[in-house]
Amino acid sequence: MVNAGVWQSLTEELKAKGVTLVAVSKTKPASDVQALYDLGQRDFGENYVQELVDKQPVLPQDIRWHYIGHLQSNKVKYIAPYVHLIHAVDSFKLLQEINKQAAKHNRTIHVLLQLQIADEETKHGLNEHGITELMEYYEAQRDSLQNIQICGLMGMATFTDDEEQVRTEFARLHNFYKHIKATYFIAKPYFNTCSMGMSGDYNIAIAEGSTMVRIGSMLFGARG
Ligand SMILES: *Cc1c(COP(=O)(O)O)cnc(C)c1O
């Protein structure tokens, strides 16, 4: 089941604010993706490789697939032929593997680096120091990493009712995004994505500078 009315009003609201909507279709059937596609949605997010591998061939080929989950290096090859943006890169090794697989398919894969902002142990990602270190490796080896483009940062806030905490975490991500842009991507317009905000916290994320929200349950209903 797809909530067409919610999609319509959300799309209008986000368009007015210049924020990209990624419809998170994980655990939902291909028919739900098709239904939103038919309304005009083109960006969809998945976070299980097998599910994306199953859905991609049976759905329209102009869908922009976002891989938003934690990605293991040995699985990059399955999504490399078509993935549009990989949101949660959190190691240099993974970055190298994405570059290698992108080169095999003669394409450039766009990626975001994941900053760990939540105060929960289960969430993946790097802290500020880890991202800076990764950027230094990247700068040193940029010539051999021609098949990836780092387009921004991504993060997930703590799952809590405390709005001030969520706001503080998103502000931290957006500040660090601006710092990375100013330090490494000053004349690079493609570095323009701060992916933050889900069904429960996207309003706060947008107020704190999000350029891309990842929304699932609000559009597709709760996951089983
Ligand atoms: C599932 C998921 C979302 C969407 O969550 P909702 O609360 O259903 O909107 C967003 N981002 C990531 C990384 C996810 O895994």
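Computed from a predicted model, the values in this text were never measured in an experiment. Just follow the structure's listing: the first ligand is 1, and inside any ligand the first atom is 1.
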Distance-only donor-acceptor hits, side chain of residues 213-224, under 3.5 Å, sequence neighbours excluded:
{"from": "Arg214", "atom 1": "NH1", "to": "Ser195", "atom 2": "O", "distance (Å)": "3.1"}
{"from": "Arg214", "atom 1": "NH1", "to": "Ser195", "atom 2": "OG", "distance (Å)": "2.9"}
{"from": "Arg214", "atom 1": "NH2", "to": "Gly155", "atom 2": "O", "distance (Å)": "3.4"}
{"from": "Ser217", "atom 1": "OG", "to": "Ser199", "atom 2": "OG", "distance (Å)": "3.4"}

Atom pairs and distances, donor-acceptor, side-chain atoms in residues 178-186, under 3.5 Å, two or more places apart:
{"from": "Lys181", "atom 1": "NZ", "to": "Phe191", "atom 2": "O", "distance (Å)": "2.6"}
{"from": "Thr183", "atom 1": "OG1", "to": "His179", "atom 2": "O", "distance (Å)": "2.6"}
{"from": "Tyr184", "atom 1": "OH", "to": "Glu136", "atom 2": "OE2", "distance (Å)": "2.6"}

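The side-chain heavy atoms of Glu13 and Tyr202, taken from C-beta on, include a pair separated by under 4.5 Å. Side-chain contact check for Thr193 versus His110: every heavy-atom pair is 4.5 Å or farther apart.
A donor-acceptor pair under 3.5 Å is formed between the side chain of Lys55 and the backbone N or O of Ser25.
Residues of the protein with a heavy atom under 4.0 Å from ligand 1 are Val24, Lys26, Asn47, Ile68, Met154, Met156, Met198, Ser199, Arg214, Ile215, Gly216, Ser217, Arg223, listed by chain and number.
Considering only residues two or more places apart in sequence or on other chains, Glu164 meets the salt bridge (charged side-chain N to carboxylate O under 4.0 Å, His left out) condition with Arg167.
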